[in-house]
2 protein chains.
Amino acid sequence: MAPVNEPLILEKPDPAALPDLIRRAIGERNTVIVIGECSVEYEGRSTSRLGKGDRVLMIKQDGSVLVHRPTGYSPVNWQPDTSVIEAWINERGELSILAVRSKPREVLNISFSRVDSVIIARLRDDAEFTMYLDEAEMKRVLVGNPELIEPGFRVVEDEKRLGSGQADIYGVDKEGRPVIVELKRITASRDAVLQLYGYVKAYEATYGKRPRGILIAPSFSPSAIETLLRLQLEYRQVDLRELYRLAVEKGLRRSLLEYGRRPGERERGTGEKTRHE
Amino acid sequence: MAPVNEPLILEKPDPAALPDLIRRAIGERNTVIVIGECSVEYEGRSTSRLGKGDRVLMIKQDGSVLVHRPTGYSPVNWQPDTSVIEAWINERGELSILAVRSKPREVLNISFSRVDSVIIARLRDDAEFTMYLDEAEMKRVLVGNPELIEPGFRVVEDEKRLGSGQADIYGVDKEGRPVIVELKRITASRDAVLQLYGYVKAYEATYGKRPRGILIAPSFSPSAIETLLRLQLEYRQVDLRELYRLAVEKGLRRSLLEYGRRPGERERGTGEKTRHE
DNA sequence: TGTTCGATGTCGAGC
DNA sequence: GCTCGACGTCGAACA
């Protein structure tokens with residue numbers, strides 16, 4: 001979406017120009033990919049050697065280094081982040097890259113006997129990675145299945161403005177008492193409890209009656225539980241996997257697994273698929 | 001070394017042309033790298049979603065698929081090998097790639113809202129990956145430190161021709177009896193035992209005296225041990241890490257860790273290093 | 001093919 | 001900074 005600097009691509013580059021270029025690219029927090037024939041040595045927690053072969057080297061903006069062979073999930077050699085990276089032309093005239101980690105002390109050296117391509121790209125990625133459900137979906141499932149919050153629970157408002165913020169769910173329990181519900185997609189911290197408490201107090205201030213407050217999350221930090229008890233708030237543990245299954249069942253979310261083929265696809269030949277035996 | 005097909009590189013390609021190209025590339029067992037802005041969905045053993053961001057997609061020749069964000073060791077999403085991969089233009093006009101694994105059933109979808117670059121390369125990599133020491137280095141360490149084989153052991157010949165093959169080490173024990181030593185860098189199998197036995201028999205046939213036979217390896221398969229006992233051969237377990245440490249100590253192998261800087265480097269400025277805080 | 005176990009595991013959370 | 005537990009762990013060795 002945001003217009004990005006064009007990636008810089010070099011085909012069959014002169015190795016002599018690369019150390020400087022790569023150093024600069026790393027300094028500017030770009031991602032560097034080098035494709036070519038290399039050999040690799042590693043020493044640290046273990047020690048390894050790998051002779052010449054065609055591989056993909058990736059240097060990420062945090063200093064992670066990955067050397068990938070043409071098969072398999074895992075890199076054959078790597079260096080996690082926080083490394084010092086050097087690039088130079090070695091005595092055989094090859095592009096050589098050294099990635100050093102200090103704790104534990106580990107050294108990774110990659111020497112390219114042939115460089116096919118170099119790609120330097122400025123990658124920007126701020127997206128959130130969510131497993132199972134995001135908070136909005138979580139709320140949708142609970143609003144659609146209020147019995148999961150508590151038997152007899154009835155939703156009155158989805159998102160209720162209270163004081164400076166918005167409570168996720170406002171409802172009444174089976175005895176007609178008002179209930180404020182706060183949701184967290186991940187382990188609920190003390191902060192989440194205080195947030196809920198703020199809504200409870202705001203409600204009390206407005207309506208002159210203290211509502212119950214329930215914090216719903218997949219897990220709770222000890223300090224969160226301690227604070228909940230102290231502030232006379234309640235909590236309920238939910239399993240995101242379960243909620244997800246429910247969301248799929250109720251049609252709130254489509255499962256990728258359902259279509260072995262792509263959404264909306266009609267009948268087609270097999271030419272579109274590529275199988276790996 | 002082997003002249004390789006030039007990698008095919010596309011900058012700012014027309015997405016419409018990509019599905020066909022990618023399908024063909026995968027069919028020809030090339031490695032495909034796509035750089036651009038994408039969103040990712042995964043469902044299988046777990047379920048995940050990742051919004052738009054700049055990433056590197058790598059499809060390897062065995063069908064492994066990796067989606068890398070610009071930081072960190074691990075791919076944010078992936079599919080191990082043995083997947084069916086599809087590529088097409090989705091309803092938003094985006095390049096969409098679906099990688100399906102059947103057991104366990106898992107689906108990964110990557111949709112590119114912007115494609116910056118596509119690299120298609122035929123990578124050839126037959127090199128052996130060795131941890132700690134290869135067999136030659138292992139032999140060098142043991143020949144230089146025969147007491148590791150057995151107290152009082154004395155090396156007579158490094159590589160002794162015997163029958164159709166070559167025994168790794170030939171020596172005599174402290175009582176003057178001939179000893180044939182066979183080395184394995186990895187778990188010794190029954191085959192390794194039979195190989196040793198062949199040398200022992202060849203020696204006996206030539207010199208009229210049965211030598212002792214010792215198989216040295218980091219570990220032994222049960223069938224190897226059974227066969228060793230049955231053929232009245234001996235074995236000694238060695239720790240490759242220990243041998244490696246010894247090799248470094250004795251100067252048989254240089255440790256990468258010793259030079260915080262590159263080998264043979266003179267004094268230089270810091271401009272050559274790129275630090276990641 | 002299914003299971004168990006090791007890893008340069010990596011990664012995040014709690015202390 | 002360190003320990004501990006989970007992971008879509010992956011991957012090799014073994015039954």
Side-chain angles (χ1 to χ4, degrees), chain A residues 40-50 60 62 64-69 71-83 99-109 129-132 184 186-192 217-226 240-241 244 256-257, chain B residues 40-50 60 62 64-69 71-83 99-109 129-132 184-190 217-226 240-241 244 255-257:
Chain A
V40 187
E41 291 171 280
Y42 158 76
E43 187 164 343
R45 286 165 294 176
S46 176
T47 297
S48 74
R49 273 185 181 177
L50 178 61
K60 294 192 181 185
D62 60 350
S64 316
V65 178
L66 307 171
V67 181
H68 273 280
R69 305 187 85 169
T71 60
Y73 162 90
S74 1
V76 61
N77 281 110
W78 70 92
Q79 195 71 284
D81 58 353
T82 63
S83 17
V100 182
R101 180 151 82 138
S102 35
K103 205 144 66 143
R105 177 125 182 107
E106 296 192 291
V107 177
L108 177 63
N109 179 276
F129 178 75
T130 59
M131 294 199 74
Y132 296 108
K184 287 294 163 209
I186 54 174
T187 303
S189 64
R190 197 166 170 279
D191 280 358
S219 56
F220 302 83
S221 76
S223 68
I225 291 180
E226 185 269 326
L240 279 191
R241 276 178 299 269
Y244 172 78
L256 268 178
L257 295 175
Chain B
V40 187
E41 291 172 280
Y42 157 77
E43 187 164 343
R45 285 166 293 176
S46 178
T47 297
S48 74
R49 273 184 180 177
L50 178 61
K60 294 192 183 187
D62 60 349
S64 316
V65 177
L66 307 171
V67 182
H68 273 280
R69 305 186 84 169
T71 59
Y73 161 90
S74 0
V76 62
N77 280 110
W78 69 93
Q79 197 69 286
D81 58 354
T82 61
S83 20
V100 181
R101 180 151 83 138
S102 35
K103 202 145 61 141
R105 177 126 180 107
E106 297 191 290
V107 178
L108 176 64
N109 179 275
F129 178 75
T130 59
M131 294 200 74
Y132 297 107
K184 287 294 163 208
R185 203 184 60 77
I186 54 173
T187 302
S189 65
R190 195 164 171 279
S219 56
F220 303 84
S221 76
S223 68
I225 290 180
E226 185 269 325
L240 279 192
R241 277 179 298 272
Y244 173 79
S255 167
L256 268 179
L257 295 174

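These numbers were taken from a predicted model, which means no experiment stands behind them. Below, chains carry the letters A, B, ... as their sequence lines are ordered, and counting in each starts from 1.
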Does R45(B) make a side-chain N or O approach to OP1 or OP2 of dT9(D) shorter than 4.0 Å?
-> yes

Under 4.0 angstrom, heavy atoms only, what part of the nucleic acid is T47(B) near: base, sugar-phosphate, or nothing?
-> nothing

From the list dT10(C), dG8(D), dT8(C), which nucleotide is the closest neighbour of the side chain of F129(B)?
-> dT8(C)

With rounding to the nearest 0.5 Å, note down the distance linking CD in E41(B) to OG in S48(B).
-> 9.0 Å

5'-most contact on DNA chain D: G72(A) or Y132(A), nearest heavy atom basis?
-> Y132(A)

Ring of Y42(A) versus six-membered ring of dT8(C): centres under 5.5 Å and planes under 30°?
-> yes

Nearest-nucleotide 5' precedence on DNA chain D, R241(A) against Y73(A) = R241(A)

Are a donor atom and an acceptor atom from the side chains of Y132(B) and E43(A) found within less than 3.5 Å of each other?
-> no

R101(B) vs L108(B) side-chain heavy atoms within contact, under 4.5 Å = no

Can a side chain N or O of K103(A) be found less than 4.0 Å away from OP1 or OP2 on dC2(D)?
-> yes

Check every strand shown and say whether E43(B) touches a base, only sugar-phosphate, or nothing at a heavy-atom separation below 4.0 Å.
-> nothing

Select base, sugar-phosphate, or nothing to describe what P104(A) touches, counting heavy atoms under 4.0 Å on all strands.
-> nothing

With the side chain defined as heavy atoms from C-beta on, S48(A) is closest, among dT8(C), dA15(D), dC15(C), to dT8(C)

Phosphate OP1/OP2 of dC10(D): any W78(B) side-chain N/O under 4.0 Å | yes

Spacing of the C1' atoms in dC10(D) and dA6(D) (rounded, Å) = 14 Å

Looking at side-chain heavy atoms only, is the closest gap between R69(A) and L50(A) below 4.5 Å?
-> yes

C1'-based separation of dT9(D) from dG5(D) [nearest Å] = 13 Å

Look at the side-chain N and O atoms of S221(B) and state whether any lies under 4.0 Å from the OP1 or OP2 oxygen of dA13(D).
-> no

